[in-house]
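Both backbone and side-chain heavy atoms feed into the values below; hydrogens, waters and symmetry mates do not. Every chain is numbered from 1, with letters handed out A, B, ... down the list of sequences.
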Amino acid sequence: MNPQRDELQELWRSERAAAGDASGAGGVPPGGEAAGRAQEDLLRRRIRLDGWLKIGAIVFLAAAFPPFAGRLNPAVWGVFAFAFLATALGIFQLAWIRSWRRDAAPLPLARSLAVELDLWRRRRPLLALLLGATPALAWQVYQLAYLALNPGRSGKLVNLIFLVAGGPLLWLLASWRHWARLDAWLLQIESALAAFDEQAAKRCERARKRAGRRTTLIAALFLLLLLAGFLLYWLSR
Amino acid sequence: MSEDADRQREEAYLDLLGRHGRIAPAVARLYTPPGEDAADLEQEIRLQWWRSLAGFSGRAMASTWMYQVALHTALTFQRRRYRRLRPDPLDHAESVPDPAPPPGGREDRRRSALHGALARLAPGERALAYLWLEECSHEEIAAVSGINANTVGVRLHRIRRRLKDILAPGEEEK
């Protein structure tokens, strides 16, 4: 027997004795719907909130209808179409996360982490697109509402560029940002898995380097988009 | 009928908690600095035991199942916040700060040094080290971790060596 092992185990045993074994006694079962504090539960709540935000577009729609009544030009139809799209996506998002299972059967650590990794990998593309859509949809609705209220400005090139390119670009970039966040999220699982799976350790190292480069690129592109917006606005004045 | 099932589930939960409930604070201490986070993780482990109790068939040993759930919860609880784009550095030493040396005697200092050494292991390695310190057999560690018993032996040898290396300077001071 290794004396070092025995010594450390002895030390651990003495700590257990010092802490006492009463810590488990007198527990109360948590409610079935008790809110968890793990990052996964927080993310789930965040996605739910984002879904409700999208559905909130219907309130904007109801409030916006009276001023637009009687002059249904393409811009007004655009406002309605994008607000409806946001609402539909919000409803889909809420229904989707409701279908996510919470009570997974207990599995050995290596398998449960691998299952979780696979699950989040499959959720990632749609989740990134849905979360990235919120700022883009808000921008499109704002832009169209502005043009609907100021019909004379719809001929200006800058407004057309903001409308045609601004929303999709913002959607693309915001989705990419969420993709990167989810990737960092997946790396956490992969690095935990690395202790049990050497292949995961190698993948983790490669992905980590990639993630660092991508973060810099995303920040630079967001800055560029912001600068381009300011520049176009300034040139149009 | 449903009330009976609920009562049975509650009884089973309280029975398991009475026998192995100490796993929750031990794992929480292992993965978080003392304070609010540790209390949150401990609470989360209990919640996960409760949630996954329906999936526990009883074929595995209760302690094996409770270690599995507790360590899985700790490994995922510790994950960095979703807002952050950059991943954690590979070295996890800074994820759990070394506890300050307690004012107590030599034994207390040694325990504190052991926790400091465990905090410097990667989270997955820490799980294996914890199971070994709990005197689980290689077979039980294999059942909890999902790697085969021979690999468990190799990994534990490496981890013990690492712990020994980390603890060595402190031992020399004494």
What part of B:R158 is in contact with chain A, defined as an atom under 4.5 angstrom from a non-hydrogen atom: side chain, backbone, both or neither?
side chain

Chain A contact via B:L128 - which portion, at a heavy-atom distance below 4.5 Å:
side chain

Do A:L113 and B:L75 come within less than 4.5 Å of each other through their side chains, counting heavy atoms only?
yes

Give the interface residues of residues 141-149 of chain B toward chain A, defined by a heavy-atom separation under 4.5 Å.
B:A143, B:V144, B:S145, B:G146, B:I147

Does CZ in A:R124 sit with more than 12 non-hydrogen atoms of other residues, nucleotides or ligands closer than 6.0 Å?
yes

N/O donor-acceptor pair under 3.5 Å between B:Q68 side chain and A:L109 backbone:
no

Pair up each side-chain donor or acceptor in residues 138-146 of chain A with any protein partner under 3.5 Å, not counting sequence neighbours, and list the distances.
| from | atom 1 | to | atom 2 | distance (Å) |
| --- | --- | --- | --- | --- |
| A:W139 | NE1 | A:F162 | O | 3.3 |
| A:Q140 | NE2 | A:L163 | O | 3.2 |

With side chains defined as the heavy atoms from C-beta onward, is the minimum distance between B:L133 and A:L11 less than 4.5 Å?
no

Proximity breakdown for B:R111 and chain A, heavy-atom pairs closer than 4.5 Å:
both

Would you indicate whether A:F92, at its atom CZ, is surrounded by more than 12 heavy atoms from other residues, nucleotides or ligands within a distance under 6.0 Å?
yes

Given A:R13 and B:E135, is the side-chain contact (heavy atoms from CB on, under 4.5 Å) satisfied, shown in steps?
CA-CA 9 Å; A:R13 201 181 296 157; B:E135 295 172 43; 2.7 Å; yes

Indicate yes or no: does A:E7 engage B:R110 in a salt bridge with an N to O separation below 4.0 Å.
yes

For A:W12, check ring-ring contact (aromatic ring centres under 6.0 Å, His included) against everything at least two apart and list the hits.
B:H115, B:Y130

B:L71 versus chain A, the contacting section by heavy-atom distance below 4.5 Å:
both

What part of B:I45 lies closer than 4.5 angstrom to a heavy atom of chain A: side chain, backbone, both or neither?
neither

Can you list every pair that meets side chain to side chain donor-acceptor pair (under 3.5 Å) and has a residue in residues 86-95 of chain A, with sequence neighbours left out?
A:D50-A:Q93, A:K54-A:Q93

